[in-house]
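Below: one structure, written as structure tokens.
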Amino acid sequence: MKRIICLIFLVQILSSTSARSQNISLYEQVNGRYDFTFVGNTMNSAENNPSPFLVTGTSSSADLNLNPDDTLLKAYLYWAGSGDGDFEVELNGIPITPDRTFSHSRFYAPYNFTYFSAFKDITTMVAATGNGTYTLSELDISPFEMLHYSRKTNFAGWAILIVYQNDALPLNQLNIYDGLQGVPDNLQIDLTNLYVLDNSGATAGFIAWEGDSQLATETFTVNGVVLSNASNPANNVFNSTNSVTGSNTLFNMDLDIYDIENYIEVGDTQATIKLSSSQDFIMINTVVTKLNSQLPDATIVLEDYETSCNSGTIELNYTVYNINSTELLPAETPISFYIGTQLIGTSATQFDILIGGNESGTITLNLHAETPEIFTLLAVVDDLGNGNGIVTELNENNNSNTIQVTQWLSPKFNALQDLISCNLGFTKAIFDFSNYEELVKSDENHTVSFYNFLDEAINEVNPISNTNTYEAFYTPKEIFIRIENEHCYAITSFRLLSRNCPPIVYNFVSANNDGSNDGFFIDGLRDIFVNFKVEIYNRWGRHIWTGDQNLPDWNGYVAEGIGSKKAPAGTYFYILYLNDVDYSQPLTGYLYLTY
């Protein structure tokens, strides 16, 4: 972007007397078939300097007379006076309080003298009222007037800056600057980064306070040339005059407009205004410049965006405007999109955008993997992606816009351990993973559901409802978890594992065929330790029976030759070989046999 057209005041005050003020700076810029004028009046009934009495009242009036073809665009009220400030006034009987205030002070031993001004946007009021008489009242500086009378700086006044449109006007750029600065000696205002396309009709206007026509001690120069006109002599610029009405009785205030077209040239990129006064104390409140500048003014607004879960992209909608302009914005004006300083995409306007027009566009931006979930996206129109543009604009400082973007990213979650339960036979097991619903969450607002298969988790079908007594018919088995936030989801899993738990030996055998304890039963053995072997010995260590997966439980009979016989009731001992990697040593114990 070519940093050319925006007018910026760099104000330097060279004064040996300490002062406090707000530097004159750019408040607003408007572009179009516009011009400006002033309406206002003093509260002083005479000039304060030669008057042997107090001169400041609380009310005065002035007339607004726009032409029928003029359309009001802006109306800004300024009022000012000596002292700390009166910020409750009335305009045509309507109470007014300021949008902004300014202050200035100077020390004249042994007192500190204060001054103020105030600003109010009254565009709506003036648009409704139209031409006619405007009266500002209730502006009271009486608490401070006696002190200021001692220095002959007792004053009060008001002015309305009017900006209006007329289709017969050329395309102009109006720059409104305000603040409150004193001119006891020298005040220099440097207008930099100008781009004057046509100096015809160029003007500069001032709202100034406290000038005395009796003190011919000040000059006003543009680019080193002393300005003057019929109402303002070269050595007495601030002399209680009103350039709009031709009045020279605007006591202790000035509403002056100067023709400066002969003091700037086409192609100028800067101008210097200097105000000097060897005696007269003056305060500058408002400066307005009008230049003929036919240039576009590109701005951009990011409107909304769309994204989807874990897409890594956003679809961004934006509009490029050429509203505050005096020329069309050409097609192919570049647009760049940034996250921080990182360029992530570029686009361009498709067509010429007329004055006051706009063009909407959409771009899909690919986000880098390290892009945070929430980030600020910056768009800059008239930017080639390196901070440079191709279009000379009226205002080079309004080309960007930002929007906060939230990606739809999968929720973060906690890793879960596999669950192990006892093998109930052929790797079947019962599991309780109900507490995993909370353990997996990294945010209590996330929702969690469990599934038997991955495609069920992705499609959210057939969730597992019983998580505290879940029966796995085989293991290992993978359980899938779907974790959801407001926009997106993540899937993780854990495994259900079974292990061969130690069998339970029921060591009482009542071999009487009554259906209860008729055999030597070992729970958790046959479908689990399929390679087991069990040996039974009598109390004297004689081996009397061996069993395995292929034989029924011992029922008290002892094989003997080709037959068998009942073993005597009593105590016997067993050795159980599980033949399992987790149980390298046999289990031993006793059992009691009865009939």
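Owing to the predicted nature of the structure, the values given are computational and were not obtained by experimental measurement.
Cation-pi check for Arg100 over Tyr27 is met; the charged atom lies under 6.0 angstrom from the ring centroid and within 45 degrees of its normal.
Remark: aromatic rings of Phe220 and Phe206 are close, center separation under 6.0 Å. Note: His104 and Phe116 fail the aromatic proximity criterion, with ring centroids not under 6.0 Å apart. Aromatic ring centres of Phe113 and Phe144: separated by at least 6.0 Å.
Without hydrogens or angle criteria, Lys274 side chain to Val222 main chain gives no donor-acceptor distance under 3.5 Å. Under the 3.5 Å distance criterion, the side-chain polar atoms of Glu28 are left unmatched by any main-chain donor or acceptor of Ile176. Looking at Ser59, its side chain never comes within 3.5 Å of a backbone N or O of Ser137 through a donor-acceptor pair. Looking only at distances, a side-chain donor or acceptor of Ser336 sits under 3.5 Å from a matching main-chain atom of Gly385. With hydrogens and angles ignored, the 3.5 Å screen pairs a side-chain donor or acceptor of Asn223 with a backbone N or O of Thr272. Listed for the Gln181 side chain is a donor-acceptor partner under 3.5 Å among the backbone atoms of Ile24. A side-chain donor-acceptor contact under 3.5 Å links Asp99 to the backbone of Asp121. In this structure, the side chain of Glu261 engages the main chain of Gly201 through a donor-acceptor pair within 3.5 Å. In this structure, the side chain of Asn41 does not engage the main chain of Ser60 through any donor-acceptor pair within 3.5 Å. Although no hydrogens or angles enter the test, the distance criterion places no donor-acceptor pair under 3.5 Å between the side chain of Tyr164 and the main chain of Thr37.
Considering only heavy atoms from C-beta on, Asn322 comes within 4.5 Å of Ser325 through its side chain. Contact annotation: the side chain of Ile344 approaches that of Leu377 to within less than 4.5 Å [non-hydrogen atoms, C-beta and beyond]. Between Asn172 and Asn31, the closest side-chain pair of non-hydrogen atoms is not below 4.5 Å. Leu161 is not listed as a side-chain neighbour of Lys74, based on a closest heavy-atom distance of 4.5 Å or more. A heavy-atom distance below 4.5 Å is found between the side chains of Tyr338 and Leu343. Looking at Thr299 and Asn399, their side chains never come closer than 4.5 Å, going by heavy atoms from C-beta outward. Proximity of Phe251 to Asn48: side-chain heavy atoms (C-beta onward) are nowhere separated by under 4.5 Å. Counting only heavy atoms from C-beta outward, the side chains of Gln173 and Thr326 never approach each other to under 4.5 Å.
Minimum interatomic distance between Ser400 and Leu378 (heavy atoms only, all atoms of both residues): CB-CD1, 3.7 Å. Taking all atoms of both residues into account, the shortest heavy-atom contact from Asn236 to Leu215 is OD1-O, 3.2 Å. When every heavy atom of Gly211 is checked against every heavy atom of Ser240, the shortest pair comes out as O-OG, 3.6 Å. Considering all non-hydrogen atoms of both residues, Gln22 and Phe102 come closest at OE1-CA, 3.0 Å. Heavy atoms only, all atoms of each residue included: Lys120 and Thr97 are closest at CD-O, 3.0 Å. Pairing each heavy atom of Pro170 with each of Asn292, the nearest pair is CB-ND2, 3.9 Å.
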*Check against side-chain hydrogen bond (donor to acceptor under 3.5 Å, both in side chains), Glu359 and Thr349*: CA-CA 7 Å; Glu359 176 185 298; Thr349 57; 5.0 Å; no
_Verdict with supporting geometry, Leu367 and Ile314, side chain to side chain contact (heavy atoms under 4.5 Å, CB included)_ = CA-CA 8 Å; Leu367 306 178; Ile314 62 168; 4.1 Å; yes
*Can you check salt bridge (charged side-chain N to carboxylate O under 4.0 Å, His left out) on Lys152 and Asp212, steps first, answer last?*
CA-CA 10 Å; Lys152 298 297 186 179; Asp212 292 288; over 6 Å; no
*Show the numbers, then the answer: is there a side chain to side chain contact (heavy atoms under 4.5 Å, CB included) between Asp256 and Tyr258?*
CA-CA 7 Å; Asp256 289 332; Tyr258 291 87; 3.6 Å; yes
*Under the side chain to side chain contact (heavy atoms under 4.5 Å, CB included) criterion, do Phe238 and Ser277 qualify, and how do the steps go?*
CA-CA 10 Å; Phe238 300 101; Ser277 174; over 6 Å; no
*Evaluate side chain to side chain contact (heavy atoms under 4.5 Å, CB included) for Ile353 paired with Val320, printing each intermediate quantity in order.*
CA-CA 9 Å; Ile353 302 177; Val320 176; 3.9 Å; yes
*What do the steps show when you test Asn239 against Glu218 for side-chain hydrogen bond (donor to acceptor under 3.5 Å, both in side chains), and what is the final call?*
CA-CA 10 Å; Asn239 57 352; Glu218 67 265 2; over 6 Å; no
*asked:* Set out, in order, the CA-CA distance, both residues' side-chain angles and the distance that settles side-chain hydrogen bond (donor to acceptor under 3.5 Å, both in side chains) for Asn154 and Glu145, then state yes or no.
replied: CA-CA 5 Å; Asn154 49 309; Glu145 188 167 14; 3.2 Å; yes
*Derivation of the side-chain hydrogen bond (donor to acceptor under 3.5 Å, both in side chains) call for Asn317 and Glu303*: CA-CA 6 Å; Asn317 299 313; Glu303 295 167 337; 6.0 Å; no
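Rounded to the nearest 0.5 Å, atoms OG1 (Thr289) and CG (Leu26) are 8.5 Å apart. To the nearest 0.5 Å, the span separating OG on Ser213 from CG on Asn232 amounts to 11.0 Å. Atom CD1 in Ile122 sits 4.5 Å away from atom CG in Leu77 (nearest 0.5 Å). The distance from the CG atom of Leu250 to the OG1 atom of Thr42 is 6.0 Å, given to the nearest 0.5 Å. The NE2 atom of His148 lies 10.0 Å from the OG1 atom of Thr56; values are rounded to the nearest 0.5 Å. In this structure, Leu64 CG and Asn131 CG are separated by 4.5 Å, a value rounded to the nearest 0.5 Å.
A 6.0 Å sphere centred on CD of Glu486 holds no more than 12 heavy atoms belonging to other residues, nucleotides or ligands. Within a 6.0 Å sphere centred on CD of Glu88, other residues, nucleotides and ligands contribute 12 heavy atoms or fewer. More than 12 heavy atoms of other residues, nucleotides or ligands shown are found within 6.0 angstrom of CZ on Phe87.
A tilted orientation is assigned to the rings of Tyr76 and Phe119, their planes being inclined by 30° to 60°.
Scanning for side chain to side chain contact (heavy atoms under 4.5 Å, CB included) contacts around Ser247 gives Asn242, Thr245, Thr249, with sequence neighbours left out. For Asn248, the side chain to side chain contact (heavy atoms under 4.5 Å, CB included) test picks out Thr241, with sequence neighbours left out. Residues satisfying the side chain to side chain contact (heavy atoms under 4.5 Å, CB included) test with Ser61, not counting sequence neighbours, are Thr133, Thr135.
A ring pair (Phe, Tyr, Trp, His ring centres under 6.0 Å) with Phe281 is found for exactly one of Tyr115, Phe155, Trp209, namely Tyr115.
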